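Throughout, protein chains are lettered first and strands after them, A, B, ... in sequence-line order, and every chain is numbered starting at 1. Since the model is a prediction, treat every value here as computed from it, not as a measurement. Computed over heavy atoms, backbone and side chain alike; hydrogens, waters and symmetry mates excluded.
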Amino acid sequence: MTNGAEAMDTNFYEQVYEVARLVPKGRVTSYGSIAKALGVANSSRMVGHAMAYAGTASPKVPAHRIVNSSGLLTGRFHFSPPELMQELLEQEGVVVVNDKVKNFKKVFWDPLQEL
DNA sequence: AGCTTGACGAGCT
DNA sequence: GAGCTCGCCAAGC
């Protein structure tokens, strides 16, 4: 089998999606934490880029649960509509005020804690 | 092949 | 506490 379907096994992006999908409902995590969990703490930006591709990935990735280290919804404009990100978070019980997660420390989910 | 931009993070002023 | 700079690395032009 040439196994042709996936040309990307241990792709970095796949790993990001995997961790992102592990984020429990009502919780959020940061790009840097994911990057660090994957061993590329200094490449936090790559995580963000990967999330941008999340919309093209399958199954879909709960990118709305991913915020920056400040708990700010930096990528809300990548959703459609941009307000969707905050809506989804609030639907899951995450309070968002002024484009940032309320009680961020409480709803923060650390992948390293699970791994 | 090179320059610019960017879902970030940490440090400094 | 807010704003600015530098570093990292990939993708777009």
Side-chain angles (χ1 to χ4, degrees):
Chain A
M1 37 236 68
T2 41
N3 146 72
E6 36 267 273
M8 8 169 120
D9 345 43
T10 31
N11 233 299
F12 175 71
Y13 288 24
E14 278 295 314
Q15 294 179 71
V16 176
Y17 302 147
E18 187 174 343
V19 176
R21 286 188 284 244
L22 289 175
V23 179
K25 179 181 172 189
R27 291 284 189 278
V28 296
T29 190
S30 62
Y31 306 93
S33 298
I34 295 175
K36 192 171 185 178
L38 298 180
V40 287
N42 48 347
S43 300
S44 50
R45 272 187 162 161
M46 272 49 283
V47 178
H49 270 258
M51 301 314 297
Y53 277 66
T56 65
S58 297
K60 288 291 175 104
V61 180
H64 60 275
R65 295 178 187 156
I66 317 300
V67 296
N68 73 355
S69 60
S70 303
L72 191 68
L73 284 56
T74 48
R76 67 181 188 170
F77 287 106
H78 287 251
F79 288 77
S80 22
E83 55 192 58
L84 179 64
M85 186 174 186
Q86 182 174 329
E87 287 292 295
L88 291 171
L89 287 172
E90 293 187 314
Q91 285 178 34
E92 299 190 344
V94 179
V95 181
V96 179
V97 180
N98 193 13
D99 295 337
K100 56 189 181 208
V101 179
K102 187 68 175 176
N103 301 323
F104 178 57
K105 293 163 61 177
K106 293 182 180 179
V107 297
F108 181 73
W109 181 83
D110 190 341
L112 295 172
Q113 187 176 337
E114 291 295 307
L115 300 176

**Prompt:** If you take all heavy atoms of A/Ser44 and A/Ala35, which pair is closest and at what distance?
**Reply:** CA-CB, 3.8 Å
**Message:** Between A/Ser69 and B/dG9, is there a contact of a side-chain N or O with OP1 or OP2 at under 4.0 Å?
**Reply:** yes
**Prompt:** What dot-bracket string describes DNA chain B from 5' to 3', counting Watson-Crick and G-U wobble pairs whose defining distances are under 3.5 Å, with [ ] for crossing pairs and | for pairs to another strand?
**Reply:** .|||||.||||||
**Prompt:** Does a nitrogen or oxygen in the side chain of A/Tyr53 sit under 4.0 Å from OP1 or OP2 of C/dG12?
**Reply:** yes
**Prompt:** Expressed in angstrom and rounded to an integer, what is the separation of A/Tyr17 atom OH from B/dA7 atom P?
**Reply:** 15 Å
**Asked** In whole Å, what is the span from the NZ atom of A/Lys60 to the P atom of B/dA7?
**Response** 19 Å
**Item:** Atom-pair distance (CG on A/Leu84; C1' on B/dA7), nearest Å
**Value:** 14 Å
**Asked** Contacts to DNA chain C from residues 28-50 of chain A, heavy-atom cutoff under 4.0 Å, which residues?
**Response** A/Asn42, A/Ser43, A/Arg45, A/Met46
**Nucleotide C/dG3, atom P - distance to CG of A/Leu72 in whole Å** = 12 Å
**Message:** Rounding to an integer number of Å, can you tell me how far A/His78 NE2 sits from C/dG12 C1'?
**Reply:** 14 Å
**Message:** From C-beta outward on A/Thr74, which listed nucleotide comes closest to its side chain: B/dG9, B/dA7, C/dA10?
**Reply:** B/dA7
**Message:** I need the CZ-P distance between A/Phe12 and B/dA7, as an integer number of Å.
**Reply:** 16 Å
**Prompt:** Whole-Å distance between B/dA7 P and A/Tyr13 OH?
**Reply:** 13 Å
**Fill in**
OG (A/Ser58) and NZ (A/Lys60) are apart, to the nearest 0.5 Å, by 7.0 Å
**Message:** Can you tell me which residue among A/Leu112, A/Leu38, A/Val61, A/Val47 is in a side-chain contact (heavy atoms from CB on, under 4.5 Å) with A/Val19?
**Reply:** A/Leu38
**Request:** Specify the closest pair of heavy atoms between A/Arg21 and A/Pro59, including all atoms of both residues, with the distance to one decimal.
**Result:** NH1-O, 3.0 Å
**Item:** Euclidean distance, atom CE of residue A/Met51 to atom P of C/dA11 [Å, nearest integer]
**Value:** 15 Å
**Asked** Quick one: does A/Leu22's side chain get under 4.5 Å of A/Trp109's, heavy atoms only?
**Response** yes
Tell me which donor-acceptor pairs under 3.5 Å the side chains of residues 65-84 of chain A have, and how far apart each pair is, sequence neighbours excluded?
residue, atom, partner, partner atom, Å
A/Arg65, NE, A/Glu92, OE1, 2.8
A/Arg65, NH1, A/Val23, O, 2.8
A/Arg65, NH2, A/Glu92, OE1, 3.4
A/Arg65, NH2, A/Glu92, OE2, 2.8
A/Asn68, OD1, A/Ser70, N, 3.0
A/Asn68, OD1, A/Gly71, N, 3.0
A/Asn68, OD1, A/Leu72, N, 2.8
A/Arg76, NH1, A/Asp99, OD1, 2.3
A/Arg76, NH1, A/Asp99, OD2, 2.3
A/Arg76, NH2, A/Asp99, OD2, 3.1

**Message:** Tell me the closest heavy-atom pair linking A/Met51 and A/Val16, and the distance in Å.
**Reply:** SD-CG1, 3.5 Å
**Asked** Does any non-hydrogen side-chain atom of A/Gln91 lie less than 4.5 Å from one of A/Glu87?
**Response** yes
**Asked** Do you know the tightest heavy-atom contact between A/Asp110 and A/Ser33?
**Response** OD1-CB, 4.4 Å
